[in-house]
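Predicted model only: the values in this text are computed from it and were never measured.
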Amino acid sequence: MSKRYLGLTLLALFLLSLMSVAFVSAQDDVVLRWRTRPDNQAEIDVYQAISDAIDAEWEGVTLQYEPGNNEGAGYQATLLTELAAGTAPDVFWIPGTDVATFASEGVILNLYDIATATEGFDVNVFYSQQVAELTYNPETMTNGDMSGALWGLPRDASAFALYYNADLFEEAGVDTPTAQLEAGTWNWDSFIETVTAIGGLGDDIFGYGMNAWWANWLLFVNSTGSRYFNEDRTGCGLDNEGTTAAMQFMRALMDTGEVIPYGQDSEAPFIAGNVGMFMNGRWATPNTVAQASFNWDYAEVPAGPDGQSNWLFWGAYVVNSNTVSPELAFELMTRLTSTDVQAQVTALGANIPSRAGQDAVDAFLNAEITAGKNNAAFTNALANYAVAEAPLWTANFQSIDAAVGALVTQVLTDGTLAPEEFGAAACAAMAPFFEEGAGG
Amino acid sequence: MAATTMTPQTKIRDERRQQMIWLWVQRIMLYLVLTLVAFLMIFPFLYMFFTSLKTADDVFHSPPRLLPYSPETIERNGEQVPVYAVQIDGVTREMVVDDSVPAVTFGWFTTAEQINAQNPEASAGLIQVPLDETTELPDAVTIDGENFDQFQVTINGQTQTLVLAYRRGLRLFVDINDPTITTYAAPRNTPQVEFVDPQWENYNTVIALNNLGRALVNTALVTVLVTAGQVSTSLLGGYAFSRIRFRGRDTLFLVYLGTIMIPFVVLIIPLYQVMVILGWQDSLVSLIIPWLFTAYGTFLMRQFFVTIPKDLEEAALLDGASRFGILWRIFIPLSGPAIATQTIITFLYAWNSFLWPLIIINAGNLNDQVVTLALNHLRNVAASQPNLVLTGAAVAVIPPMIVFVLAQRYFIEGIASTGLKG
Amino acid sequence: MAAISQARPTTNQTTPVTPFAIPVVLWHVFLAGASLYAAVNIWQLPDFYTLGSIVQQFLGLVVGAYGLLALVTAFILARVWFMGATEADLTLRLGKNEIEMRGNGRLCAMGINYIGMVLAGLYLAHLLGVDSGIDYLAEGLFRNVTLLLGLPLGYLLVWIGWRLHESSPTRALLERVGLGIMGISLMLVLLASLARPEADNVVGGLVSHSVMFIQGWLTPPALITTGVVAVFGAVAIHMTRQSAAFNEKTSQRETWQGWLFLLPNLISFLLFFAGPLLLSFYLSFTNYNAISPAEFIGLENYADMFQLSVQQVPAGQTAASVLPALQTQLSEFTIGAQRYVIGARDPLFWISLGNTIRYCLLLLPMSIIPALALALLLNSKIPGMKFYRALFFIPSVAAVVGVALIWKWLYDPVIGYINYAISSITRFFGLADPQILWLTDTNVLLLAVVIMAAWQAVGFNTVIFLAGLQGISRELYEAATVDGAGGWQRFISITLPMLAPTSFFILVTTLIAGLQAFNEFYALVQENPTNAKLTSVYYLQQMGFERFQMGYASATAWVLFALIFVVTLVQFRLSNRASAYAD
């Protein structure tokens, strides 16, 4: 065979192989596409199964589930591009803090009218903190089920807990956080003592670790009664003594030398068994279950001057403004947030149901993946003292967070900013963004 | 003394010998220095390779060590438990933790005079007693600004008031050969019996994990197409610029030269928009078609073609050969080294490119990612398993190294000769 | 040579009319009409991918120009064919230049139709799914990747063959078998990849693939486009064949041949380089955010970026209170007892620019001085030098993303080798262990990235220095030795000056790459929450693709480009002077 023919054949085959065509099958059903942010393949599989089940029982509608990006890079960025290009799905999930941005840009629908027209629908089955945020009406500045606004339905809830390494507590001869909580001595002072005692076990052992993003340091600020923003969320709320106390406490924690330096990854050393307590959300559970080769459990965070605090993290399903059918999209949302669906997602271990009823709480507490563990650390926080992470309607949250986050790092790492100066500096850094407004 | 009896000849011989010795010393020094530098250059890759063979727990061993180890285990009560090497009275024994006995908290006590407040573990006269056998006193003592709890401790029937330097919860260890020999120790600090155990399956795990196998295939396909495309457009363009005298050639060539200076960042945002308009975002075609043009490659080919004598071509033209025929039959066979150099440079560039795929391919799209993206993704999903992350790094880094080793000569010489002309 | 380049004299002969004259002229008239109609429509489009009206007006102008050209061509062809206009009739005189319109009319017709054919062909390929076909092909390859094992196997046989003597019959055999295995394996892989995976076997899959392909082609849009491609192609080929009739001159032939050769290159240059470049320039003057239509805002982006102010801070007042509205504190300094504060509208721009420049300033000495030293060591005729040269080069072939993951763990404060080495050394000398937090401490983070980048670049720079060293003639050194110059003197007076062009080349390429640093930072320290990790490109990526302020991000890109441009200009100046010195 001549080389030239061989070459030509290959070339022809290659060109032919490029020319594949897409199926365009005739479809009478309304096609609804939906998306949520998965963290791993197991979640994708569950959501796919949920989608298939709803699809099977729902006449006249065909569902297409498409897993979005995971958290590592640009889930929201992808969505924004697709919204711009007109290829975004009908129903999609966004983090709670992004509701304001998406609503201000006009890319998601206000579902209030559809919801009020839907028989048997009650938004108050979800945690009240979430409902307050999802029904916020920026025009009237009111919220609640009569506000005239409903931006979406919460997919789930989450909260922080201290994941602690029970083996290290045992070796250090220190009472576990839960034991200390029951004894009524679980506060900032005993926290520092515990951290010091565990860190004393060795040079490569740390008493505590946390991630370097806003919810972590703000949790301590919140437990002094201080807040990120002022009451109507139109300005800074940090310039006060509570903030200073919280920053001093965290600085003192860092100064023990037994805490993973702020900004350094805490998860890997925790999983390796070198960290006593690691503050993280419920989402860290599947990985910890799969990989930790030591005994561990959950505990609640210690009380600050103003008592305990925690976050209610959440995300919501929202409806694309360009959906083929707002009514069907809303129905899909209600189906995706049903008790049954939430139980299936809860079973994976990474989420807490957003329904506040006892059924949902029981399903969570008895989840098989964390049987025997102190799951109530999460639900206690949600029911009693968790503050919802909230969208910011008056300025761009990401910009503010980038500016203030840098100051936090200054306080907690190189010490170029004193804890006492932090509040004023943070408020100064925040001010221009409020002047710019939400668009900037 | 010897010098006085030295003849001129022996003197010369001596000097030459000295010179030879000096030369050899120099050479050995040179090789030593070069070997040391080479070690520093290669060490990160050795680290990558050995870590890729470890278990996740083994990576966190401190101090670090290169070889991959696994703990020796034995079956005990139906479970595999690790074997520890415990020193008792100078004898090293193979022991296991007795799970049926809960941890016992011991205190290390000493007198208030002997305690080292800054580093209590280094205090003198420490005595180890289970805390249960002692009684805590209500008052603590303050020594050098540190608070220490006081305890009533009974030693040999004698009760003393001592301060607690530190405490540890210890587990009961049992000798696997002689269950009567037991001791208390902290499992974490006790060396395990280990053996070298490379985890080759890490490679399978990581290739299956987040579709790295698909990423490899995608990268290979993209790299091959981009390389083939760039070399062909450069050959055609380089030929036109060097051998055909057409209107607008010199202006266009200047424009091409100018574009070499323009950094890619200027193009990112509009190119992204062009991809959106063409509907190419988030698909492999966006990694290929926009990269078929290269001003630098065209320039290099033109520079090479200019050096080919004109006579060959003119004879062919007179014979009525087509332009394409001339390029195909005369120029391409003569430009082996130039093509090889460009091929390798493009190959590495395409294989290693990151910023553009990061922007144009959605992170959740595991079907259209390339290896660099897969790696970036892997560092997030396997953040707590550095062994897997480095296995992924090895998978991404090793293919270009193989290409480099195979084509080393072309590569280094190509860089050395063309680099200077740029 | 002379025979070829000599132009044929201008003639007064009329052009023989082809049988296709009427359709060809009508086709150009139609093209002109269609393009002008399209141009008007594009101009009036309500919204073009939110890019703003200027972009669509520009596109309208381009299409309109194409239509006008088609009109002019139709006019020339009509005069040539139907009115018997000769070359002389159609030659325009503009000052000294004569423009021969008849031949050029033909060239225009060829150009219009070739370009039309290529563009319509690309559109047809898009309709037939060629672009998404690459994804399909990759998926198929992935399914059948084991079949590709034939490639290394065949290569191995060929390679063994090449070790044998030229005339050995085994060599030819091995070569043939090896190539055969490679070819067959490639073909099998392609066939298997082409086949639809849902079919039972490869043949069925191939059949159903072909059926789907033909079905796709038989849709009205694809058929119409195919027809358009065919007409464009036929007219282009027909006009090409009219060379004798139009008395084609060598310069004219070379013109179309040259442009034809450049066409593949040129199309991607225009579509993916020149076009985006213009778009980028335009976007930098807009508030483009990918969602709402871009609005032209003049120099506002640039003005915001460069807005700086220096204010005195009176005692007892905070820095924030003296800064103008919308500015935040960038830095502060004290002269005497007076405190001053520098405010910026966009402090992150300045911080990222500062980081980039500091990175370059650190990277230059750390990647160039060791490379020069290594090159001097390697520049001797003793054995093994090529081996070392190759070893040193290896880091530069590895992907930064992979390399950064390795270094991330080498830098780990607890289990990393770097701190382990430092603490071993400090313990040996009885010093305090610094326990550096390489990737967390904002003061050393930059150094950590520089060390990694220098490690990657040293081998590359060494190779280039070596090439420069080998270009220095031995005689210079011998002459200097005769004059009694020592090793150090020879280095200062010969090696360094002779290496000046090489050094400048390395300096500038390092600087240009350094100013665009992104991968190193993103891959090594993306988890760091502070601004210390931001380089200019990193900032651009965040602004453009995380916060979607694409107009502003484009403006940053152009500022960076200006900076690189200045660096390059300075390099040209200096290197000219340096090479003059070396000569």
* Heavy-atom contact with chain B under 4.5 Å, split by part of C:Phe518 -> side chain
* Structure fact -> Okay, B:Leu46 and chain C: the region with an atom under 4.5 Å from a heavy atom over there is neither
* Structure fact -> Nearest heavy-atom contact between B:Leu375 and B:Ala396 is CD1-CB, 3.7 Å
* To do: Would you mind checking which part of C:Val145 comes under 4.5 Å of any heavy atom in chain B, side chain (CB onward), backbone (N, CA, C, O), both or neither?
  => side chain
* Identify which part of C:Ile418 has an atom lying under 4.5 Å from any heavy atom of chain B, answering side chain, backbone, both or neither. => neither
* Asked: Checking B:Gln230 side chain against B:Trp291 main chain: does a donor-acceptor pair fall under 3.5 Å?
  -> yes
* Structure fact -> If one checks every heavy atom of B:Asn211 against chain C at 4.5 Å, the contacting part turns out to be side chain
* Structure fact -> Applying a strict 4.5 Å limit to non-hydrogen atoms, the region of C:Leu260 in contact with chain B is neither
* To do: Report yes if the distance between the aromatic ring centroids of C:Trp455 and B:Phe45 is under 6.0 Å, otherwise no.
  => yes
* To do: Please test C:Trp407 against C:Tyr411 for ring pair (Phe, Tyr, Trp, His ring centres under 6.0 Å), starting from the C-alpha separation and ending with a verdict.
  => CA-CA 6 Å; C:Trp407 281 81; C:Tyr411 278 132; 5.5 Å; yes
* **Part of C:Ile564 lying under 4.5 Å from any heavy atom of chain B** => side chain
* **Part of B:Leu327 lying under 4.5 Å from any heavy atom of chain C** => side chain
* Asked: Non-hydrogen atoms of chain B under 4.5 Å away: do they reach the side chain of C:Leu141, the backbone, both or neither?
  -> both
* Structure fact -> Rounded to the nearest 0.5 Å, the OG1 atom of C:Thr502 sits from the CG atom of C:Leu469 at a distance of 7.5 Å
* Structure fact -> Cut-off 4.5 Å, heavy atoms of chain C, and the answer for B:Val395 is neither
* For the candidates B:Val274, B:Ile359, B:Leu348, which exhibits the highest count of non-hydrogen atom pairs separated by less than 4.5 Å from chain C? -> B:Ile359
* Asked: Non-hydrogen atoms of chain B under 4.5 Å away: do they reach the side chain of C:Gln516, the backbone, both or neither?
  -> side chain
* To do: Against chain B, work out which of C:Gly416, C:Ser380, C:Gly384, C:Pro383 has the most heavy-atom pairs shorter than 4.5 Å and name it.
  => C:Pro383
* Considering all heavy atoms, the nearest C:Leu540-C:Ala557 contact -> CD1-CB, 3.4 Å
* Within 45 degrees of the axis of the six-membered ring of B:Tyr239 and under 6.0 Å from its centre: does B:Arg323 put its NZ or CZ there? -> no
